[in-house]
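Every value quoted in this text rests on a predicted model; they were computed, and no experiment measured them.
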Amino acid sequence: ERLLDTFHKNVTDKLVETAKTHYGDEMSKSTQQALVRKINFTADSTVKKHYGDYRIQDNLLEVERKKQIDAARVSGKTEEIPAIQKTFDDKKKEIETSFIESVQAEVKTVVEEAGKTIVGTVEKDKQEQARNELMDNVRDHLRGFSRTIPAFIMGYGDDNTTLENFDTIIPDEVFREVTSISLDEFRRLRDGFEYTDDKGMTKRYNGFFDPIVFNDSIREFLRLKRKLANYFEDDQKEDIFDYIPPQKTNQIFTPKKIVKQMVDNLEAENPGCFDDPNHTFADLYMKSGLYITEIVKRLFRSEKMKALFPDETARLNHIFEKQVYGFAPTEIIYRIALAFILGFSEEIKIERNHLVLLDTLPYAQNGTLSSKLAELFGE
């Protein structure tokens, strides 16, 4: 046990400490611990094996010593006993010396092998860490990209959209803005590509997406889009934006509950505001269109508006043409909001609307928003 403890302190600990000094942060604590365990296990196994051999030989010598001494006593030759003792003491010293020499030789081998083990382990650990960082980066990009797919389907997709033509329905600049990759890069992920590995061998990456899963997901999203399209139905507990994850861009959708509170507050501060066909309402920075749809619903359900416009289609066309205005800062948001706000019915067609693609922020910052709106709508 003392021998093992000495080895641990003077060999293993110093080897690992030297490696830490050389590799620094490249050598993780878990790698250090694993190396200590591995080196000590190898050393302990070696030392214990040789010690076991030594103990066996020592026990055999003691058995033989006792046997010869007992024989000398039985035969009355007790004067031979000192010579027998010396002979076996010398043999004992020989096996002790042999044990020490074998352990010393093994220690040298263990140290050399341990050095190789440390270098190999740390270098492998570095490569694994680099590979993991690369894979984490790829996974992060792919996760980010997968979050954008529902938004693209909402804004640009239809029943004919598939993985094969997904890249043809979206402008490259919009795709790049939302995903941070180009359509050409998407095609490489979809169709696969050839590359040269670190050994100079040409290999092929066969593509990331499963066409069946991708296309089934599109169909399921479009089914939900149709199912949840009619925002006039009060029994609907969810909307399509529950199925469109927030994006890394500024495309963060305000929850329906908050939108309703906003409109409730608006009405509380302006009683009867939804009863006047001449009142106008604007969302100057649309994200989903939920705020506009809530305004449209209040106007549509106003008893006074019903009296003025008994026909539902005429009432809705008046609301969209004369009373609600919406501005979307980017094309993808504009397409999503337009699809949601005007997609409530396949029968009722809205002839004119004031939902436009315009980033109002710069105009608000420099004080020219009113003149810009007058320019757009001539009012």
A side-chain contact here means heavy atoms from C-beta on lying under 4.5 Å apart; do [X] and [Y] qualify?
X: Glu79; Y: Lys77; result: yes
X: Glu96; Y: Tyr54; result: yes
X: Lys322; Y: Thr280; result: no
X: Glu233; Y: Asn230; result: yes
X: Glu185; Y: Thr179; result: no
X: Leu355; Y: Tyr325; result: no
X: Thr87; Y: Asp90; result: no
X: Phe88; Y: Gln68; result: yes

Just checking Phe209 against Phe186, ring centres under 6.0 Å apart?
yes

If you take the centroid of each ring, where Trp contributes its six-membered ring, are His318 and Phe309 closer together than 6.0 Å?
yes

Whether the side chain of [X] engages the backbone of [Y] through a donor-acceptor N/O pair (distance < 3.5 Å, no angle test) should be reported.
X: Asn317; Y: Glu351; result: yes
X: Lys349; Y: Glu346; result: yes
X: Asn270; Y: Cys273; result: no
X: Gln323; Y: Asp276; result: yes
X: Asn265; Y: Gln261; result: yes
X: Asn353; Y: Glu321; result: no
X: Arg301; Y: Phe232; result: yes

Full working for salt bridge (charged side-chain N to carboxylate O under 4.0 Å, His left out) between Lys67 and Asp70:
CA-CA 5 Å; Lys67 180 179 177 182; Asp70 289 345; over 6 Å; no

Test Phe166 against Thr161 for side chain to side chain contact (heavy atoms under 4.5 Å, CB included), laying out the working first.
CA-CA 6 Å; Phe166 186 75; Thr161 302; 4.2 Å; yes

Do [X] and [Y] have side-chain atoms, one donor and one acceptor, less than 3.5 Å apart?
X: Asn366; Y: Thr368; answer: yes
X: Asn40; Y: Thr12; answer: yes
X: Glu220; Y: Tyr243; answer: no
X: His8; Y: Asp44; answer: yes

Group every Ile, Leu, Val, Met, Phe, Trp and Tyr by side-chain heavy-atom contacts under 4.5 Å, then state whether [X] and [Y] land in the same group.
X: Phe99; Y: Ile56; value: no
X: Leu60; Y: Tyr51; value: no
X: Leu308; Y: Ile319; value: yes

Shortest non-hydrogen contact from [X] to [Y]?
X: Pro362; Y: Asp359; value: CD-O, 3.2 Å
X: Ser302; Y: Asp275; value: OG-OD1, 2.5 Å
X: Lys256; Y: Glu238; value: NZ-O, 3.6 Å
X: Lys48; Y: Leu4; value: CE-CD1, 3.7 Å
X: Ile95; Y: Leu61; value: CD1-CD1, 3.7 Å
X: Asp167; Y: Arg190; value: OD1-NH1, 2.7 Å

Kindly indicate, with the supporting measurements, whether the criterion salt bridge (charged side-chain N to carboxylate O under 4.0 Å, His left out) is fulfilled by Asp159 and Arg226.
CA-CA 11 Å; Asp159 289 332; Arg226 284 189 288 268; 3.0 Å; yes

Check step by step if side chain to side chain contact (heavy atoms under 4.5 Å, CB included) holds for Leu358 and Tyr363.
CA-CA 10 Å; Leu358 177 69; Tyr363 298 99; 3.6 Å; yes

Parallel, tilted or perpendicular: which fits the ring planes of [X] and [Y], with parallel below 30° and perpendicular above 60°?
X: Phe281; Y: His279; value: perpendicular
X: His354; Y: Phe377; value: perpendicular
X: Phe241; Y: Phe253; value: tilted

Enclosure of Glu112 CD (heavy-atom neighbours >12, cutoff 6.0 Å):
yes

Return yes when atom NZ of Lys306 has more than 12 non-hydrogen atoms of other residues, nucleotides or ligands closer than 6.0 Å, and no otherwise.
yes

Might you work through the salt bridge (charged side-chain N to carboxylate O under 4.0 Å, His left out) test for Lys93 and Asp89, ending with a clear yes or no?
CA-CA 6 Å; Lys93 288 180 180 178; Asp89 285 345; over 6 Å; no

Spacing of [X] atom [atom1] and [Y] atom [atom2] [to the nearest 0.5 Å]:
X: Ile348; Y: Leu342; atom1: CD1; atom2: CG; value: 12.0 Å
X: His50; Y: Ile100; atom1: NE2; atom2: CD1; value: 13.0 Å
X: Thr360; Y: Leu284; atom1: OG1; atom2: CG; value: 5.0 Å
X: Lys91; Y: Ser98; atom1: NZ; atom2: OG; value: 14.5 Å
X: Glu164; Y: Asp191; atom1: CD; atom2: CG; value: 9.0 Å
X: Ile169; Y: Asp158; atom1: CD1; atom2: CG; value: 7.0 Å

Would you call Glu194 and Lys203 a salt bridge, using N to O less than 4.0 angstrom?
no

Run the salt-bridge test on Glu312 and Arg315 with the 4.0 Å N-O cut-off and return the result as yes or no.
no

Applying salt bridge (charged side-chain N to carboxylate O under 4.0 Å, His left out), run through Asp172 and Arg176 and close with a yes or a no.
CA-CA 6 Å; Asp172 185 71; Arg176 189 187 295 271; 3.7 Å; yes

Go through the steps to decide whether Ile81 and Arg73 satisfy the test side chain to side chain contact (heavy atoms under 4.5 Å, CB included), and finish with yes or no.
CA-CA 8 Å; Ile81 291 177; Arg73 285 173 178 159; 3.7 Å; yes

Show your reasoning for whether ring-ring contact (aromatic ring centres under 6.0 Å, His included) applies to Phe327 and Tyr334.
CA-CA 8 Å; Phe327 305 89; Tyr334 172 69; over 10 Å; no

Assess the residue pair Lys66 and Glu64 against the criterion (side chain to side chain contact (heavy atoms under 4.5 Å, CB included)); give the C-alpha distance rounded to whole Å, side-chain angles, the decisive distance to 0.1 Å, and a yes or no.
CA-CA 5 Å; Lys66 184 177 183 302; Glu64 185 62 26; over 6 Å; no

Pi-cation contact, Phe193 with Arg188 (under 6.0 Å, within 45°):
yes

Less than 6.0 angstrom from the centroid, inside 45 degrees of the normal: does Lys297 satisfy that with respect to the ring of Phe300?
no

